[in-house]
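Here's the structure we're looking at; comments come further down.
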Amino acid sequence: MKILVTGGLGFIGSHTVVELANSNFEVVIADNLYNSKEDVLEKLEKITGKKFKLYKYDLTDKTKVEEIFNKENIDGVIHFAGYKAVGESVREPLMYYQNNLISTINLLEVMKKYNVKKFVFSSSATVYGDNGYTRYVESMGRGETTSPYGTTKAMIEKILEDLYYSDNSWNITLLRYFNPVGAHESGLIGEEPNGIPNNLMPYVMKVASGKLEQLSIFGNDYQTVDGTGVRDYIHVVDLAKGHVKALENAPAGLNTYNLGSGKGVSVLELVTTFEKVNNIKVNYKVVDRRPGDLPEYYADASKAFEELRWKTEKTIEDICRDSWNYERKMNN
Ligand code: WQD
């Protein structure tokens, strides 16, 4: 089977290309390099021993999307490409709606024209909104999203539901990620955010490597195990494998799955685990809460286990070790 991976040079996309290749899928990559680097392609070849055709195209240009399907006999699509910085989306909502929605609609329209109906979408736990629960189950449905980024994910889920309702020959899988972290064990690919990281793990990396002075822990007065925020951190390799299982095992129709570990870990637990595993000190201070943060949420991942026969295998220690290995190898 030949799979088009959009955003295939990005953090989650690149790790998914590795796992697709390991499972003998043929892979074609489309990536406009907005939030990725072209040298990831040679790293993918080094890791897998395989070469991958790259289309350096912007999916908001429908003629470019059509060109890919004209040239390649695509059997299915995993769609990662999209802007994903929460803060940036609040400052630039139109940029997010235009890019994330138009690129997806272009892709779906061309897929329809070429009768390619197998589609896996990179969604997010953020679509649950603040529903007052800590353990999220797919049957809860979507809540009030808290950023234009999250709203584009919720809108695309709705677009896909409407598309399926209009034509149930589509096979659509919505994968709701929790907090993707970690890196491939080779240390060749990992998370490389542009500028000052917003997310916890990349920020910890920069402090541990001396590139940033101190981690700010956003609040320690939540009603959680130790007062700091609790999240479901999932190793990016486990997440990537979830996409392969979705292609291989998802039932017919439209199906939605949480991809998470099913366990909550606090900021302090993550920082102290990182320090212990890597025998390194992370300088931090506790500051005010970050507006918009929820105290605690994590996945009920039982549906993915039962239907996709997938669950996480890597531990929080693996996450801390692999992240630091990447930081040391690629950024020193
Ligand atoms: C995790 C915890 C912070 C940074 C975001 C997006 C979500 C998804 C995953 C795409 C929280 C605390 C963080 C820091 C800190 N992305 N923190 N100091 O906010 O759970 O989710 O990434 O789908 O859409 O919202 O991730 O890593 O920013 O925060 O104390 O410098 O770490 O308060 O408790 P978040 P995060």
Side-chain angles (χ1 to χ4, degrees), residues 7 10-13 35 79-90 96 100 121-130 134 136 142-157 174-182 191 193 195-208 211-236 239 242-243 258-261 263-274 282-299 316 319-320 323:
F11 174 42
I12 304 168
N35 194 23
H79 182 38
F80 293 102
Y83 298 157
K84 63 167 188 174
V86 171
E88 184 185 52
S89 78
V90 174
Y96 271 67
N100 291 7
F121 176 58
S122 165
S123 191
S124 167
T126 200
V127 304
Y128 287 105
D130 178 3
T134 52
Y136 290 172
R142 292 182 290 274
E144 194 63 37
T145 46
T146 52
S147 73
Y149 157 77
T151 305
T152 65
K153 291 298 185 184
M155 282 177 162
I156 293 168
E157 286 199 359
L174 310 179
L175 300 179
R176 292 174 176 170
Y177 309 159
F178 282 69
N179 288 54
V181 284
E191 190 168 11
I196 304 278
N198 292 309
N199 294 140
L200 178 62
M201 204 50 169
Y203 206 105
V204 168
M205 291 306 111
K206 299 301 175 205
V207 172
K211 291 183 176 60
L212 289 172
E213 195 195 328
Q214 186 176 52
L215 168 71
S216 296
I217 294 183
F218 298 139
N220 67 351
D221 57 351
Y222 289 107
Q223 295 296 315
T224 61
V225 60
D226 57 21
T228 63
V230 172
R231 294 291 184 275
D232 184 330
Y233 296 97
I234 174 171
H235 196 294
V236 64
L239 186 59
H243 290 75
N258 290 334
L259 294 190
S261 70
K263 289 186 293 299
V265 171
S266 78
V267 176
L268 267 180
E269 286 168 337
L270 190 73
V271 171
T272 47
T273 303
F274 178 87
V282 174
N283 180 18
Y284 69 80
K285 66 180 177 202
V286 177
V287 299
D288 291 341
R289 296 179 176 187
R290 180 172 64 176
D293 270 354
L294 297 177
E296 178 170 359
Y297 62 87
Y298 46 88
I316 205 76
I319 286 169
C320 292
S323 297

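All ligand and atom numbering here is 1-based and tracks the order in the structure. We're numbering straight along the sequence, starting at 1. None of the values given here were measured: they were computed from a predicted structure.
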Residues forming a salt bridge (charged side-chain N to carboxylate O under 4.0 Å, His left out) with K206, sequence neighbours excluded
E192, E327
Quick one, list the residues around ligand 1 where some non-hydrogen atom comes in under 4.0 Å, by chain and residue number.
V86, S124, T126, Y149, N179, N198, N199, L200, L215, S216, I217, F218, G229, R231, Y233, V267, R290, D293, Y297
So, for N100 and Y83, which heavy atoms are closest and what is the spacing to 0.1 Å?
OD1-N, 2.8 Å
Spacing of OH belonging to Y177 relative to OG belonging to S122, to within rounding of 0.5 Å
3.0 Å
I'd like to check the side-chain hydrogen bond (donor to acceptor under 3.5 Å, both in side chains) partners of R176; sequence neighbours left out, ordered by chain and number.
Y128, E157
Report the distance from atom OG1 of T145 to atom CG of D130, rounding to the nearest 0.5 Å.
11.5 Å
Give me each pair satisfying salt bridge (Lys or Arg N to Asp or Glu O under 4.0 Å) with a member in residues 217-230, each pair once, sequence neighbours excluded.
D221-R289
